[in-house]
Amino acid sequence: MKQKIVVYPGSFDPPTNGHIDLIERASRIFDKVIILIMVNIQKSYTFTVEERVEMLNNIFKKRKFKNVSVDVYKGLLVDYLKKNKLNIVLRGLRAVSDFEYEFQMVLTNRKMFDRMETIYLMPDVRWTYLSSSLVKEIANFGGDISDFVPSEIVSTIRRKFKQ
Ligand code: PNS
């Protein structure tokens with residue numbers, strides 16, 4: 001039977017407990033989850049692509065989820081999907097405020113690739129308010145980020161903001 005593969009695109013700058021919660025949920029639904037680090041041109045990044053790959057690999061190395069992998073693509077999501085013969089995408093919805101952006105993105109992507117289907121999962125209520133930007137702001141001012149990101153990457157983030 002054909003494997004059901006889902007692509008989870010995002011910035012992951014840095015990954016948070018909200019991202020990980022979503023990935024773990026998806027890994028129980030799909031045969032394979034590809035975390036895809038992409039470029040959002042609205043954002044300027046703190047961590048290099050290599051640092052983000054390393055953080056995600058470190059997180060999943062120690063966990064039981066064997067069907068999760070990390071990839072990078074610096075182009076359009078639809079081109080990545082077509083190139084790899086994939087068509088299912090995962091995105092997270094935290095609050096109503098996420099909806100408008102996601103709605104615009106899914107319809108634009110669909111216009112470019114009509115076989116693309118996006119599924120939305122909601123993270124645990126503990127993470128509905130959480131974002132990578134807030135984590136960076138807390139880390140920047142020396143606050144404690146250990147409740148918000150996986151333990152495997154706390155020191156990497158702290159180090160980055162000490163530089
Ligand atoms: O974590 P983010 O920043 O909300 O993720 C947004 C991301 C990276 C998924 C989005 O910006 C994206 O798909 N970038 C790749 C370029 C692309 O395909 N843009 C078309 C969007 S309609």
Side-chain angles (χ1 to χ4, degrees), residues 4-27 29-30 32-60 65 68-140 145 148-150 152-154 156-157 160-161:
K4 278 262 173 261
I5 303 174
V6 70
V7 176
Y8 180 31
S11 294
F12 307 104
D13 185 54
T16 67
N17 285 344
H19 293 124
I20 305 311
D21 177 284
L22 228 64
I23 294 161
E24 293 185 347
R25 284 171 201 279
S27 81
I29 302 171
F30 290 91
K32 203 172 161 205
V33 181
I34 302 171
I35 308 168
L36 185 62
I37 298 175
M38 303 204 81
V39 179
N40 177 346
I41 60 161
Q42 322 285 356
K43 293 183 176 171
S44 59
Y45 291 112
T46 302
F47 295 89
T48 64
V49 168
E50 293 72 24
E51 287 169 330
R52 285 178 270 156
V53 169
E54 200 183 327
M55 284 191 278
L56 285 162
N57 280 332
N58 278 346
I59 294 164
F60 285 99
F65 301 88
V68 175
S69 62
V70 182
D71 203 358
V72 176
Y73 191 69
K74 293 181 181 175
L76 286 176
L77 174 59
V78 291
D79 287 342
Y80 178 88
L81 296 172
K82 287 178 192 167
K83 218 181 248 180
N84 292 285
K85 300 195 170 14
L86 298 169
N87 73 323
I88 310 174
V89 170
L90 166 71
R91 291 284 290 173
L93 273 184
R94 290 165 300 186
V96 182
S97 51
D98 281 340
F99 179 79
E100 210 168 327
Y101 172 59
E102 295 300 328
F103 186 62
Q104 198 179 10
M105 202 156 61
V106 74
L107 293 182
T108 312
N109 277 328
R110 189 181 286 167
K111 181 84 186 145
M112 295 188 281
F113 181 30
D114 62 2
R115 283 191 49 245
M116 170 175 161
E117 296 296 351
T118 308
I119 64 154
Y120 296 90
L121 291 178
M122 285 166 202
D124 187 279
V125 69
R126 282 175 300 165
W127 317 123
T128 47
Y129 60 89
L130 190 56
S131 70
S132 298
S133 323
L134 280 182
V135 168
K136 285 187 278 190
E137 192 163 321
I138 296 166
N140 185 55
I145 53 166
F148 307 125
V149 299
E152 295 89 343
I153 63 170
V154 169
T156 309
I157 299 171
K160 187 79 179 179
F161 284 93

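Every number for a ligand or one of its atoms is a count from 1 in the order of the listing. Along the sequence shown, the residues carry numbers beginning at 1.
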Nearest 0.5 angstrom please: Leu56 CG to Ile37 CD1, how far? 5.0 Å
Interatomic spacing from CZ in Phe113 to CG in Leu76 - rounded to 0.5 Å: 12.5 Å
Polar proximity ligand 1 side, Lys43 side, N/O cut 3.5 Å exclusive: yes
For atom 14 (N) of ligand 1, tell me which residue out of Leu36, Val89, Val39, Asp13 has the closest non-hydrogen atom. Val39
CD/Glu152 to CE/Met55 distance, rounded to the nearest 0.5 angstrom? 12.0 Å
Show the numbers, then the answer: is there a side-chain contact (heavy atoms from CB on, under 4.5 Å) between Trp127 and Leu22? CA-CA 10 Å; Trp127 317 123; Leu22 228 64; over 6 Å; no
Using a 4.0 Å cut-off to any heavy atom of Met38, which atoms of ligand 1 qualify? 8 (C), 15 (C)
Min N/O separation Asn40 to ligand 1 under 3.5 Å: yes
Thr108 N/O under 3.5 Å from ligand 1 N/O: no
Any N/O pair Phe12/ligand 1 closer than 3.5 Å: no
Would Gly75 count as a contact of ligand 1 if the rule is a heavy atom under 4.0 Å away? yes
Identify the protein heavy atom lying closest to atom 1 (O) of ligand 1, giving its residue, its atom name and the separation to 0.1 Å. Ser11 N, 2.9 Å
When every non-hydrogen atom of Ser69 is compared with those of Lys32, the smallest separation belongs to OG-CE, 4.0 Å
Arg52 to Ser11 - nearest heavy-atom pair and separation: NH1-O, 2.8 Å
Ranked by distance from atom 9 (C) of ligand 1, the top protein heavy atom is Arg91 NH1, 3.6 Å
Can you pull out the closest protein heavy atom to atom 21 (C) of ligand 1? Residue, atom name and distance to 0.1 Å, please. Met105 CG, 3.8 Å
Indicate the ring-plane relationship of Phe99 and Phe103, choosing parallel, tilted or perpendicular according to the 30° and 60° boundaries. parallel
Beyond-backbone contact of Thr118 with Asn109, side-chain heavy atoms, under 4.5 angstrom: no
Can you check whether Pro123 reaches His19 side chain to side chain, under 4.5 Å on heavy atoms? no
With a 4.0 Å cut-off on heavy atoms, is Tyr101 in contact with ligand 1? yes
Quick one: nearest non-hydrogen protein atom to atom 18 (O) of ligand 1, plus distance? Leu77 N, 2.8 Å
Atom 17 (C) of ligand 1: the protein heavy-atom neighbour that sits closest, reported with distance to 0.1 Å: Leu76 CD2, 3.5 Å
